[in-house]
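What follows is a single structure, written as structure tokens, with notes after it.
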Number of protein chains: 2
Amino acid sequence: MTPAKPALTGPMPDDIAPIENVPLRVQVADRLRNAILSGKLRPGTGLVETALAEQMNVSRAPIREAIQILENDGLVETIAYKGKRVKPLTAREVAETYSLREVFEVMAVRRILENGAPLDALYAHCAEMTAAAEADNFEALVAADEAFHHSLIRLADHDLLMSSWKNLYLRIHQIMALRNRDERNLSEVAGNHPPIVQAIADGDAERAIKLISDHTRILAAFDPATIVDSQ
Amino acid sequence: MTPAKPALTGPMPDDIAPIENVPLRVQVADRLRNAILSGKLRPGTGLVETALAEQMNVSRAPIREAIQILENDGLVETIAYKGKRVKPLTAREVAETYSLREVFEVMAVRRILENGAPLDALYAHCAEMTAAAEADNFEALVAADEAFHHSLIRLADHDLLMSSWKNLYLRIHQIMALRNRDERNLSEVAGNHPPIVQAIADGDAERAIKLISDHTRILAAFDPATIVDSQ
DNA sequence: CTGTTGTGTAATGTCGACAATCCATAAGTG
DNA sequence: CACTTATGGATTGTCGACATTACACAACAG
């Protein structure tokens with residue numbers, strides 16, 4: 001069926017890394033996004049195109065487009081002829097972000113219960129969390145927690161929900177970076193998740209929804225003083 | 001308390017219409033958005049910057065930024081170095097759009113029930129719908145329906161929900177424009193709404209949620225043949 | 001001193017030109 | 001004939017320069 005191909009085209013290490021042709025605007029957007037999400041660029045900080053352009057050694061065009069990308073992400077806002085700045089983060093916005101997240105995750109659980117889905121990934125991330133908690137590794141716990149919730153959304157098999165959730169989670173990253181290190185008991189956080197998976201596995205809709213709902217709501221508690229709301 | 005101000009600053013007709021300084025990119029984006037939402041630009045249609053620029057007598061910069069705005073709205077997608085096009089609309093996307101809308105509206109009802117809100121606007125829009133149905137005015141009915149749901153979301157007092165819903169509703173506009181005129185009985189559509197308001201007024205959460213849920217789900221029914229999905 | 005009016009500066013908004021990339025098609029090669 | 005390699009055209013990506021706007025501050029008038 002498939003005739004032998006010429007020998008010249010030998011097997012090639014397929015991780016030779018194709019040359020990524022990432023447009024400048026994307027590179028710029030990624031750098032700025034990282035800065036914002038890591039809290040290095042605090043809410044209210046002004047973003048001046050010319051300054052950024054000079055700093056990054058590119059023209060203003062990619063900078064403008066990058067900032068627009070971040071605007072789409074909801075991380076930056078523009079005031080015509082005045083300037084662009086990292087979107088201020090009010091206590092209200094934080095609360096709204098978490099409440100919408102709750103709705104998204106409940107929706108995911110509902111869909112998983114209705115349509116079914118393999119729960120292996122969820123179990124795996126639970127294990128990761130437990131391990132991280134025992135090792136007292138905060139970073140790892142946070143990563144595993146995000147992986148858990150990401151998997152939960154993915155299993156819901158709903159592209160629009162996924163993209164909406166991802167977009168929302170950007171702000172959650174920002175919020176987490178801005179607020180003081182959570183002094184919650186690590187093992188408590190880790191312990192919250194397995195019952196959720198169990199309830200889903202049991203097909204117990206009411207319990208699963210209540211658990212995921214409570215869980216995301218608890219995460220919403222935050223210290224308002226850490227949020228910069230500069231004008 | 002307030003000293004009399006100099007007479008020179010007399011009362012001024014306050015509808016003197018401030019000169020609107022709408023950036024070109026916004027004008028372009030609005031025009032393109034209208035074309036897409038009204039179905040004149042069908043999904044899959046390629047958007048060539050140079051052509052648009054010449055056609056609208058502006059340079060490519062505002063065109064690019066306008067297209068990016070539409071990308072944020074989820075109406076356009078870009079393929080690097082290849083082109084931009086009106087995002088194809090698959091049956092799956094349509095279904096996802098409506099299911100997410102359902103979740104949003106249920107969330108709104110929940111919040112209204114929890115926090116309370118004046119329902120006058122909802123009653124008013126119900127009346128508009130009834131009138132439109134009696135006059136057999138399809139356009140007016142659609143407008144009133146949107147106003148009803150918009151008010152519902154507004155009453156939930158949740159900015160993020162509002163912006164998410166608005167963004168979602170853009171696609172609903174597009175879908176409605178693309179699919180054949182709904183042959184549903186106008187008065188039936190109009191009649192769906194008052195019970196929802198009544199249930200909210202009664203504080204009957206379960207009924208209100210079921211009604212709004214059923215209502216939005218019914219709207220999701222569509223004729224797949226009318227959706228263009230040109231690869 | 002209060003309020004108005006000018007002016008300058010800094011930022012965004014817009015433009016036209018050039019560079020980089022992809023795709024299709026044709027030319028070349030064993 | 002199968003496959004590779006040029007080549008051309010079309011499209012997006014990037015750049016630097018100029019236009020427009022808004023704000024702050026100074027100068028001025030009542």
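Predicted model only: the values in this text are computed from it and were never measured. To find a chain, count down the sequence lines: A is the first, B the second, and so on, and within it residues start at 1.
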*Classify the nucleic acid contact of A/Arg25 as base, sugar-phosphate or nothing, counting any heavy atom under 4.0 Å across all strands shown.*
sugar-phosphate
_Less than 4.0 angstrom from a charged side-chain N to a carboxylate O is my criterion; do B/Lys87 and B/Asp73 meet it?_
no
*asked:* Can you identify which nucleotide, out of C/dC15, D/dG13, D/dC15, has its nearest atom closest to the B/Glu49 side chain?
replied: D/dG13
*Given atom CD1 of A/Ile79 and atom C1' of D/dC23, what is their separation to the nearest angstrom?*
13 Å
*Starting at CD of A/Glu54 and ending at C1' of C/dA11, how long is that distance when rounded to a whole Å?*
14 Å
*Between D/dT11 (P) and B/Ile63 (CD1): distance, integer Å*: 14 Å
_Whole-Å gap separating C1' (C/dT12) and CZ (A/Arg85)_ = 16 Å
*If you pin A/Lys82 and A/Glu65 to their nearest nucleotides in DNA chain D, which one's is more 5'?*
A/Glu65
*asked:* If the threshold is 4.0 Å, N to carboxylate O, is there a salt bridge linking A/Lys84 and A/Glu71?
replied: no
*Verify the contact: side-chain N or O of B/Lys84 to OP1 or OP2 of D/dG13, cut-off strictly under 4.0 Å; return yes or no.*
yes
*Between A/Ala61 and B/Thr50, which has a closest nucleotide on DNA chain D that is more 5'?*
B/Thr50
*Under 4.0 Å between any heavy atoms, over every strand shown, what does B/Leu47 touch: base, sugar-phosphate, or nothing? Just pick one.*
sugar-phosphate
*Measure from the side-chain heavy atoms of B/Val48 and tell me the nearest of D/dT11, D/dG16, C/dT14.*
D/dT11
*Could you check whether B/Thr78 gets within reach of a base, just the sugar-phosphate, or nothing at all, counting any heavy atom under 4.0 Å?*
nothing
*asked:* Classify B/Ile67 by what it touches in the nucleic acid, base, sugar-phosphate, or nothing, heavy-atom distance under 4.0 Å.
replied: nothing
*More than 12 heavy atoms from other groups under 6.0 Å of CD on B/Gln27*: yes
*Indicate yes or no: does B/Glu105 engage B/Arg101 in a salt bridge with an N to O separation below 4.0 Å.*
yes
_Measure CZ/B/Arg64 against C1'/C/dC15 and give the value in whole Å, please._
14 Å
_Distance check needed: C/dA19 C1' versus A/Leu24 CG, whole Å only._
12 Å
*Report yes if a side-chain nitrogen or oxygen of B/Arg60 is closer than 4.0 Å to either non-bridging phosphate oxygen (OP1 or OP2) of C/dG16; otherwise report no.*
no
*Round to a whole Å and report the spacing from CG of B/Asn57 to P of C/dT14.*
14 Å
*Between A/Arg110 and A/Glu114, is there a salt bridge with N-O shorter than 4.0 Å?*
no
